[in-house]
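To start, the structure itself, in structure tokens.
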Amino acid sequence: MKVDIWNHVTRLRQWLDADAAPASAEDTRLLRVLKISEELGEVAEAVHGALGANPRKGSSHSWSDVVKELADVIVTAAVALDTVSGDAEAAVAQQLRDRKTEEPAAAGDVRLLRVLKISEDMGQLATAVYGALGTGPRGSETEVTHTWEDVEAHLGGLILTAVEALDDLTGDAWATVAVRLRFLVERVAA
């Protein structure tokens, strides 16, 4: 990984902090985590389009669209992680040290299984956020079952799962993410 990636992630977070509508620190964290779901939905749409799996839409996307959307998931999750932890690079480095890579079973297209694993990670992340807030999905007060460090770990895990999915398509996910980040930082700096 290049240091530039994490500097760009911090620059994007700082831009969002400065220019987004005012929100409490807690709401800001929630909105940044929620944004990952939006980006993940765009990955699903692009995969369906690349495979022509929706008869109504046909082949509406290419695999390069899937690559771009996966990179956006990674960037968005990294910005959320930087928001929660203040040091996304260190949190991902810890995840890399702790990670046990599991190859998906050959029951289907590995590319699809890796994307589906991102959804599983998103569900675990949502559970950790609820647990850290002591709030249920409907806003009801519940027992605090997680810490924000747990949320950081789940964000880091989601990033690495998305990196594995992107690696399957590009062979160098971090280079792809670096290109996407440069584009995004240039847009917000303009």
Side-chain angles (χ1 to χ4, degrees), residues 1-17 24-40 43 67 69-104 110-111 113-135 142-182 184-185:
M1 285 181 280
K2 298 176 182 160
V3 175
D4 264 356
I5 288 174
W6 303 109
N7 289 335
H8 283 0
V9 165
T10 298
R11 286 181 64 193
L12 284 175
R13 181 194 44 81
Q14 289 169 340
W15 171 75
L16 286 167
D17 289 347
S24 69
E26 197 165 271
D27 283 351
T28 297
R29 288 187 296 205
L30 293 175
L31 288 167
R32 302 241 170 109
V33 169
L34 186 60
K35 181 71 174 165
I36 302 165
S37 293
E38 177 189 336
E39 298 299 338
L40 187 53
V43 170
V67 165
E69 298 302 346
L70 278 169
D72 284 350
V73 166
I74 295 165
V75 168
T76 304
V79 169
L81 180 56
D82 204 52
T83 301
V84 170
S85 73
D87 189 354
E89 181 177 16
V92 169
Q94 181 63 47
Q95 282 293 309
L96 280 169
R97 286 190 292 277
D98 296 345
R99 190 152 178 106
K100 296 177 183 115
T101 303
E102 298 175 20
E103 284 298 316
V110 171
R111 298 170 302 179
L113 293 170
R114 290 211 200 276
V115 170
L116 190 58
K117 174 73 170 98
I118 301 167
S119 294
E120 177 188 345
D121 289 354
M122 191 68 211
Q124 293 171 351
L125 172 60
T127 299
V129 169
Y130 290 136
L133 291 172
T135 304
T142 64
E143 180 182 348
V144 173
T145 58
H146 292 76
T147 65
W148 283 102
E149 289 79 18
D150 296 329
V151 172
E152 290 175 25
H154 285 290
L155 278 164
L158 186 147
I159 290 167
L160 294 179
T161 299
V163 164
E164 288 173 353
L166 189 53
D167 259 345
D168 285 344
L169 297 174
T170 66
D172 191 349
W174 289 111
T176 304
V177 169
V179 168
R180 190 72 183 140
L181 274 165
R182 276 193 296 276
L184 292 169
V185 167

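Between V73 and L158, the shortest heavy-atom distance links the atoms CG1-CD2, 4.1 Å. When every heavy atom of L155 is checked against every heavy atom of A77, the shortest pair comes out as CD2-O, 4.0 Å. Contact between T135 and T142 at its shortest, heavy atoms only, is N-OG1, 3.5 Å. Considering all non-hydrogen atoms of both residues, R32 and T76 come closest at O-CG2, 4.3 Å. The shortest heavy-atom contact between A91 and S85 is CB-OG, 4.4 Å. Between I5 and A178, the closest heavy-atom pair is CG1-CB, 4.0 Å.
The existence of a salt bridge linking D82 and R11 is excluded, since no basic side-chain nitrogen approaches an acidic carboxylate oxygen closer than 4.0 Å.
Taking CG from L81 and CD1 from I159, the interatomic distance works out to 5.0 Å, rounded to the nearest 0.5 Å. Between W148 atom CH2 and E26 atom CD the span is 6.5 Å, to the nearest 0.5 Å. Here the straight-line distance linking atom CG of L125 with atom CD1 of I36 works out to 5.5 Å at 0.5 Å rounding. Atom CD of residue E152 and atom CD of residue Q94 lie 10.5 Å apart, to the nearest 0.5 angstrom. Note: D150 CG to Q124 CD = 11.5 Å, rounded to the nearest 0.5 Å. Here the CD1-CG distance, from I74 to L166, works out to 4.5 Å after rounding to the nearest 0.5 Å.
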Determine, stepwise, if the pair L12 / V185 fulfils side-chain contact (heavy atoms from CB on, under 4.5 Å). CA-CA 6 Å; L12 284 175; V185 167; 4.0 Å; yes

Where do L30 and L133 land on the side-chain contact (heavy atoms from CB on, under 4.5 Å) test, with the steps shown first? CA-CA 10 Å; L30 293 175; L133 291 172; 3.6 Å; yes

One pair to check against side-chain contact (heavy atoms from CB on, under 4.5 Å): L16 and T83. What are the steps and the verdict? CA-CA 10 Å; L16 286 167; T83 301; over 6 Å; no

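Side-chain atoms of T147 and E149 form a donor-acceptor pair, as typed in the model, at a separation below 3.5 Å.
S37 places no side-chain N or O within donor-acceptor distance of the main-chain N or O of V33, the cut-off being under 3.5 Å. Checking side-chain atoms of Q95 against main-chain N and O of A153 turns up a donor-acceptor pair under 3.5 Å.
R13 has its side chain within reach of D17: a pair of non-hydrogen atoms, C-beta onward, lies under 4.5 Å apart. Under the 4.5 Å side-chain criterion, counting only non-hydrogen atoms from C-beta, D72 is in contact with R180.
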